[in-house]
Participant: 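Below is a structure I'd like to ask you about.
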Amino acid sequence: MSKQRFSAISRSNKRNKIEIKEKGRRSEYFGMNVFNEEKMRQFLTQEAFDRIKAAVISGTKIDRKIADQVAEGMKAWAISMGATHYTHWFQPLTNATAEKHDAFFDLTLDGKAMEKFGGGQLVQQESDASSFPNGGIRNTFEARGYTAWDPTSPAFLYGATLCIPTVFVSYTGEALDNKAPLLRALNAMDEAATAVAKYFDKNVTKVNATLGWEQEYFLVDKALAYSRPDISLSGRTIMGQSAAKGQQLDDHYFGVIPLRVLNFMKELEKECTKLGIPVKARHNEVAPNQFELAPIFEETNLAVDHNLLLMDIMEKVSDKHNFKVLFHEKPFAGINGSGKHNNWSLATNTGVNLLSPGSTPMKNLQFLTFFVNTIKAVDTYEELLRSSIASASNDHRLGSSEAPPAILSIFIGDQLNEVLNELEGVTNGKLSPEEKTDLKLNVVGKIPEILLDNTDRNRTSPFAFTGNKFEMRGVGSKANCAKPMMVLNTIVAKQLQIFKKEVDGLIAKKGLKKDEAIFNILREYIKTSKRIRFEGDGYSEAWEKEAESRGLSNNKTTPSALQVLTSKESISLFKSMNVLSEVEVKMRKEVELEEYIMHIQIEGRVFNELIYSYIIPAAIKYQNNLIQNINGLKSIYGDSYKKMAESQLDIVSRISDHLKVIKVKTDAMVEERKKANKMVDVNKKAYAYCDKVRVHFDEIRYHCDKLERLVGDEYWPLAKYRELLFIK
């Protein structure tokens, strides 16, 4: 009997629900643990406050004198809230956050104790860069790296620690994190979008890219999760027979939230609210034991920080409620995986969403300008955008029945397609008065009316327009949003630069009026980006063939998706936008390939452990029990036992057949892993793990899952899907 599994089931069934009472209005304690404007006004001098605001709005530098004032105020606030330590909170290239805690405590020269925290500790700290992914650009003996304060993301109190959001760079200046390139991309977007927005409103001085993420996740009882080595080590079940009931009845989606889960959600939202994370929506997702949380939109850099902080809070709160939260994109086969839809838009300092139609033709022309330029950018750089969501775990999800395909396309709806098709017919050059009237009143002018009715959504589209934003659906649930947002903002900023140059050229060289120049350029973009627009089923074989004929990429695995990173076009793009240097681009590709290799390597090792330590012993033990039964029948009934033991003999034979294949395939997988491990070239090694090692996983799993159906329940050592997914 599998003691660990049944002990876990027993513990999970006896869980006491932790009651969480919600007291007071959420608005009363929103941001109470954040060093926000309210706290800064209270603890900073007016000069320091003004300089912080200027740094956030216009990127001006903060000198040492002001940094000392900010540090003193920040320390006073943090200590008044019970803080004992501070840390530079940063985002190394691991899809997680990192921190090293230092106490405010220090000693004076005469040995007296004091609380100390100055501008030097606030602005910059030194970290060991060699122990984080760096793509080979840092030697172990050149370990120095620096974290530098990001004043655009407010410091916050987490437990008894003051957390200061920072960037992470090497001694020689290369970005070793996800935040620094994102900030550069957002700056490029601000400059490019502001220049274009001034065509329509001279009062626009700043444009912020906004982000609203939707975090999907699974909750599994902690005891059951830890009884499975594959969940503990790889974040997913690498084997497991589907339960008789899954999501086919659609009875979980938006259903009543289980009480134990609801209490987890209540405490999670309470902690998020204190930390200024504006969580708003919670609900059951499609798959059993799958849920979703979504916030109010924020400026992209802050939204990324909040999502990373959220995932850390979720792990801590779920542990308290005896759950394990799973962020893996495909923790269970046969049911929906988890994504993190990134809803992206652009907002001006005048309060206008540039991707939202207005009440006048001029405002709608502004909307069309940013709408069409975004489509053009995605069309030009679709392969690069695909690379930004590539990972070993997301490979399990992309292209499956519930997730977007690996082919990038844009869904905008039939009505907006009609508008773009009409704009294609715009005269090349100056417009007649009749054409201007027709365009402004009958085409552009009716957009708000169209969008009010344009509520249909194509769930198979990886990049969809949903009324006043674009929704990037391929981002994986455990990913750092900074990577896809860095790429998206970079490519749109580049496209807006090109657009501005072309419009100004038509105005200067051909004497066209501004509206005429804009219409002419948009017409060309609509024509040249037509291939990326697709309204149909993204899963169909017909679309795959059509996408190929359109020249769209179809990179189904991470190694193939990452190759575009170091193309001449990609390197030139990032360099021209001052987002990534050539060294930083190549370093990132190597880091992501190494990460892919390690994930597949870990899963291969877990397979090996489970096969030889769990599956084979359990199957043989049950088989021996059957053989004992067969021998007992033989001793009683003699030669006639064969007819009586026909079923037992068949099961014994089938178990042996599956065990043989499992052992042969597992050993073959191990040999391929050994060969791959000897490879020096990271690119070749990644392809070897993808094409030679990973290909064995599905077949090994198939035979293990067949054994799970054959072996007696009391002998099976791993918690089953019906237990993992339906014990609430």
Participant: Between Glu471 and His341, is any side-chain donor less than 3.5 angstrom from a side-chain acceptor?
Facilitator: yes

Participant: I'd like to check Gln215 versus Phe327 (side-chain heavy atoms, cut-off strictly below 4.5 Å). Are they in contact?
Facilitator: yes

Participant: Show the numbers, then the answer: is there a side chain to side chain contact (heavy atoms under 4.5 Å, CB included) between Glu595 and Ser391?
Facilitator: CA-CA 8 Å; Glu595 182 184 21; Ser391 70; 5.8 Å; no

Participant: Is there a side-chain contact between Phe371 and Ile412, using heavy atoms and a 4.5 Å cut-off?
Facilitator: yes

Participant: Suppose we screen for salt bridge (charged side-chain N to carboxylate O under 4.0 Å, His left out). Which residues come up paired with Lys556, at least two apart in sequence or across chains?
Facilitator: Glu544

Participant: Taking Arg397 for its side chain and Gly474 for its backbone only, find out whether a donor-acceptor pair lies under 3.5 Å.
Facilitator: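 Side chain of Arg397 to backbone of Gly474: a pair is present.
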
Participant: In a check of side chain to side chain contact (heavy atoms under 4.5 Å, CB included) between Ile407 and each of Ile532, Leu552, Leu398, which one passes?
Facilitator: Leu552

Participant: Atom OG1 in Thr374, atom OH in Tyr525: separation rounded to 0.5 Å?
Facilitator: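 If we round to the nearest 0.5 Å, Thr374:OG1 and Tyr525:OH are 12.0 Å apart.
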
Participant: For the NZ atom on Lys513, are there more than 12 heavy atoms of other groups (residues, nucleotides or ligands in this structure) within a distance under 6.0 Å?
Facilitator: no

Participant: Are there more than 12 heavy atoms of other residues, nucleotides or ligands under 6.0 Å from atom NZ of Lys280?
Facilitator: no

Participant: Is it true that Lys376 and Thr528 share a donor-acceptor pair across their side chains at a distance under 3.5 Å?
Facilitator: yes

Participant: Taking it one step at a time, do Asn187 and Asn578 satisfy side-chain hydrogen bond (donor to acceptor under 3.5 Å, both in side chains)?
Facilitator: CA-CA 9 Å; Asn187 182 62; Asn578 296 315; over 6 Å; no

Participant: Would you please say whether a donor-acceptor pair under 3.5 Å links the side chains of Asp150 and Asn301?
Facilitator: yes

Participant: Given side chain to side chain contact (heavy atoms under 4.5 Å, CB included), test Val378 with Val492 step by step and report yes or no.
Facilitator: CA-CA 8 Å; Val378 174; Val492 176; 5.6 Å; no

Participant: For Pro331, does its backbone N or O pair with a side-chain atom of Thr237 as donor and acceptor, under 3.5 Å?
Facilitator: yes

Participant: Regarding Asn555 and Glu383, do their side chains bring together a donor and an acceptor under 3.5 Å, going by distance alone?
Facilitator: yes

Participant: May I ask you to test the Glu298-Thr210 pair for a side-chain heavy-atom distance under 4.5 Å?
Facilitator: no

Participant: So, for Phe534 and Phe411, is the gap between ring centers shorter than 6.0 Å?
Facilitator: no

Participant: So that I can tick it off, tell me whether Glu546 and Arg550 are bridged by a salt bridge, with the cut-off set at under 4.0 angstrom between side-chain N and carboxylate O.
Facilitator: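 Here Arg550 pairs with Glu546 in a salt bridge, since their nearest N and O are under 4.0 Å apart.
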
Participant: Examine the side chains of Glu299 and Asn208 and answer whether a donor and an acceptor come within less than 3.5 Å of each other.
Facilitator: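 Note: Glu299 and Asn208 side chains miss the donor-acceptor criterion.
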
Participant: Compute whether any side-chain donor of one residue and acceptor of the other, for Asn353 and Ser345, lie under 3.5 angstrom apart.
Facilitator: yes

Participant: Pairing donors with acceptors under 3.5 angstrom, does anything connect the side chains of Lys340 and Ser477?
Facilitator: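 Per modelled atom types, Lys340 and Ser477 side chains form no pair under 3.5 Å.
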
Participant: Report the residue from Lys530, Arg533, Arg523 that forms a salt bridge (Lys or Arg N to Asp or Glu O under 4.0 Å) with Glu424.
Facilitator: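 Single salt bridge (Lys or Arg N to Asp or Glu O under 4.0 Å) partner of Glu424 among Lys530, Arg533, Arg523: Lys530.
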
Participant: Quick one: does any side-chain atom of Asn489 pair with a main-chain N or O of Met189 as donor and acceptor, under 3.5 Å?
Facilitator: no

Participant: Looking only at side-chain N and O atoms, does Lys575 offer a donor or acceptor that is under 3.5 Å from a partner on Ser572?
Facilitator: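 Absent: no donor and acceptor within the cut-off.
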
Participant: Check this for me: does any side-chain nitrogen of one of Asp305 and Lys179 sit under 4.0 Å from a carboxylate oxygen of the other?
Facilitator: yes

Participant: Below 4.5 Å, heavy atoms only, C-beta onward: do His396 and His328 meet side chain to side chain?
Facilitator: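 Yes, their side chains come closer than 4.5 Å.
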
Participant: So, Asp504 and Tyr199: side-chain donor and acceptor under 3.5 Å apart, yes or no?
Facilitator: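 Yes, Tyr199 and Asp504 have a side-chain donor paired with an acceptor closer than 3.5 Å.
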
Participant: Between Asn307 and Ala303 (side chain of the first, backbone of the second, donor and acceptor by atom type, cut-off under 3.5 Å), is there such a pair?
Facilitator: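 Side chain of Asn307 to backbone of Ala303, a donor-acceptor pair under 3.5 Å: no, none is there.
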
Participant: Cut-off 3.5 Å, side chains only: do Lys330 and Asn336 have a donor facing an acceptor?
Facilitator: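 Asn336 and Lys330 do not have a side-chain donor-acceptor pair below 3.5 Å.
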
Participant: As a test of understanding, state which of Tyr381, Phe470, Trp344 forms a ring pair (Phe, Tyr, Trp, His ring centres under 6.0 Å) with Phe463.
Facilitator: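 Going through the options one by one, the only one that passes is Phe470.
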
Participant: Using a distance-only test with no angle check, is there a side-chain donor-acceptor pair under 3.5 angstrom linking Glu214 and Asn343?
Facilitator: yes

Participant: So which heavy atom on Glu269 is nearest to which on Val279, and how close?
Facilitator: CG-CG2, 3.9 Å

Participant: Should Asn520 and Lys510 be marked as a side-chain hydrogen bond (donor to acceptor under 3.5 Å, both in side chains) after you check the CA-CA gap, both sets of side-chain angles, and the distance that decides it?
Facilitator: CA-CA 12 Å; Asn520 274 266; Lys510 295 196 174 182; over 6 Å; no

Participant: Does a side-chain heavy-atom distance below 4.5 Å link Ser570 with Leu565?
Facilitator: no

Participant: With no hydrogens and no angle check, just 3.5 Å: does a side-chain donor-acceptor pair link Thr97 and Gln91?
Facilitator: no

Participant: Above 12 or not: heavy atoms from other molecules or residues under 6.0 Å from CD of Glu548?
Facilitator: no

Participant: Examine distances only and state if a side-chain atom of Asp395 and a backbone atom of Thr558 form a donor-acceptor pair shorter than 3.5 Å.
Facilitator: yes

Participant: So do the side chains of Leu573 and Met577 get within less than 4.5 Å of each other, counting heavy atoms only?
Facilitator: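 Sidechains of Met577 and Leu573: in contact.
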
